[in-house]
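Indexing begins at 1, ligand by ligand and atom by atom, following the structure's order.
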Amino acid sequence: MQTNARISKAMTIKLEDLFDDLPKTPPFADGIRRAPARQFALGPKDTQLALKNALRYIPPKWHKKLAPEFLEELLTRGRVYGYRFRPKGRIHGRPMDDYQGACIEGRAFQVMIDNNLDFDVALYPYELVTYGETGQVCQNWMQYHLIKKYLETLSREQTLVMESGHPLGLFASSPEAPRVIITNGLMVGCFDDPQNWNRAAAIGVSNYGQMTAGGWMYIGPQGIVHGTYSTILNAGRDKLGIPADQDLAGRLFVTSGLGGMSGAQGKAIEIANGIGIIAEVDYSRIKTRLDQGWVSQVTEEPAEAFTVAAQHQQQKKSIAIAFYGNVVDLLEYSVNHNINIDLLSDQTSCHAVYEGGYCPQGISFEERTELLRSGHAGFKEMVDATLRRHYELIKALADRGTYFFDYGNSFLKAVFDAGVNEICKNGKDPIDGFVFQSYVEDIMGPILFDYGYGPFRWVCLSGKDEDLTKTDKAAMECIDPERRFQDRDNYVWIRDAAKNQLVVGTKARILYQDAMGRMNIALKFNGMVRKGQIGPVMLGRDHHDTGGTDSPFRETANIKDGSNITADMAIHCYSVNAARGMSLVALHNGGGVGIGNAINGGFGLVLDGSERVDGVIRRAIPWDVMGGVARRAWARNENSIDTSIQYNQMRAGSDHITIPYIADDKMIAKLVSEAFEKVKK
Ligand SMILES: NC(=O)c1ccc[n+]([C@@H]2O[C@H](COP(=O)([O-])OP(=O)(O)OC[C@H]3O[C@@H](n4cnc5c(N)ncnc54)[C@H](O)[C@@H]3O)[C@@H](O)[C@H]2O)c1
């Protein structure tokens, strides 16, 4: 039988050493958004398990005091967060030199974690949720403190192993190995569903990392502005016939959500020079975007929203208008009043549709929160009815010429789950896709991911504006705007990035780039660090990228060789990045589309100016992107085949991609139909 005295003696990193005494619960400041109560469906046995699990972090002298407190959190919030251990005051990513650490990476990751929990950045900072309704940095505040301590201790000869928010420990490795290796929410196949995952999260053994929340690479809503800008701009070009050198002047985009990622929509539509109406049920989120200048006007009636939009359309003046209300009410009005909408989407959190991600029609946001708190009675039915109505309205608008696309939030899947089989191409299940396209399937996949263009990003760890200015300029010098229209868009993006005031939180930048673009920029930055022109830089990307994510509902929605339901690519991307010495590697279940619907991975690489890091950049960054392009090429995606052919020429002697021969469709169809006819006879 183990004794707690023996266990305590065996650890040098433990919670009790970080606090002189049991800390007092810091007050909850007004105006900080709180996560709704999470689904609590544990029976007495599992509740006991959850408490014992949470108390694993707590020294026995505090058990009696904290056990009832944790139980209360579990019963009222659905999770044990350990609120008492919340740091006092505001958390934010400070300059790297403000942090303790035995190696630069250990300090850099602390900047990233604190930025993910910054009150200006995080969706529900008290519940450690960065974005996407449920995307957490880790499960509870006890883990937060231990992770910080581990990062302070971490040396270049060690790797910190993170399992769903739990710091498993430090293990000996080498300077060439990752300093941190992270997984979040991974489940064994037959248990890989929301119900089993919810139980695992409630008993404290799993964390929903979304993509960059649990992977510590979130850079605020800017991270998604560039992708959103490219998506709506290219939707306009592809679906509305706007020429490649023009923008969305005079065109109306209607959508919903001004939350973590969805909040980027207002800014993106203005940068693309169009007119946007964004429905949002939570006024606090409208206010955040209004204060930031990412929406310009708030309306409370659909009529007012469409009138303001029409005035701006006539003048071809861009504007982002927030509509304070339910998106279904807004669409109801446009259908009834025959208002023309050019582009239509939705960015409610449908990946967590019954957990508060999607507000039913006919109730306010506050009423929805109360229903969630008081045990969900009738909530699911209300959500389902609203989703069905939402679908009917979209259909009516699409019949009149509106282009609707799913924004990677599992909206189409949620409508299917609400009982609408006709939303499936085959009329029965999603295996062949849906009748409406997702933005990756139609736009981002073929136009960006298939070439390798994806959401490359960096954070200037010095916290200095001047470093960001220098990196923007250096990145711009690496882009040839004449090569492709995508390069021209990216060039314009980075040229105007400072003017567009995109930074919230740390001094960060997003820039879509392809494999060689990313490598060249990274080498240039590392050289600048070496010469002392800038401080160290953290490089990374969203998992939502060419090669980082396997998800038939989103990133791999335009993979048509049947492999869209496999997850080999994301796992290879992650493991090979680890083998090639990225500073941090992360692999998650779920991401933007929910548990069981995606496997996604990402990386972080600290540029310290060394020759060693030059080597990592050369080996790892092209792989990180081209692994995805190669898989897309193998799925016969045209633009990926082109990119792979060029890559094989460019990297002859070092890299080599297997490229598919293309069979004749007609010959195959004839052969198969004859064979089946024979069988029938
Ligand atoms: N932007 C992207 O490129 C992108 C990429 C990946 C995933 N997503 C997905 O988009 C979704 C949104 O992400 P987020 O981080 O903004 O989440 P979020 O939860 O922070 O924001 C969603 C917002 O929708 C609002 N909302 C819910 N129901 C509504 C309704 N019926 N009418 C009007 N507003 C309503 C909520 O109040 C909330 O503010 C997620 O499912 C996410 O996974 C977006």
- Item | Flag side-chain contact, heavy atom, 4.5 Å: Met211 against Tyr131 | yes
- Looking at Phe404, Phe411, Phe436, which one forms a ring pair (Phe, Tyr, Trp, His ring centres under 6.0 Å) with His390? Phe411
- Message: Distance under 4.0 Å, heavy atoms only, partner ligand 1: which residues pass?
- Response: Leu123, Tyr131, Gly132, Glu133, Gln210, Ile224, Gly257, Gly259, Gly260, Met261, Ser262, Ala279, Glu280, Val281, Asp282, Arg285, Gly325, Asn326, Val327, Gln347, Thr348, Ser349, Cys350, His351, Gly357, Tyr358, Cys359, Tyr407, Gly408, Asn409, Tyr439, Arg554, Gly592
- Taking the six-membered ring where the residue is Trp, are the ring centres of Phe449 and Tyr451 under 6.0 Å apart? no
- Which of Asn326, Ile339, Leu344 passes side-chain contact (heavy atoms from CB on, under 4.5 Å) with Leu331? Answer is Leu344
Show every donor-acceptor pair shorter than 3.5 Å between a side-chain atom in residues 301-309 and any protein atom, with sequence neighbours excluded, or say none if there are none.
residue, atom, partner, partner atom, Å
Glu304, OE1, Glu300, N, 3.3
Thr307, OG1, Ala303, O, 2.6

- Message: Is any side-chain heavy atom of Trp458 closer than 4.5 Å to one of Ile510?
- Response: no
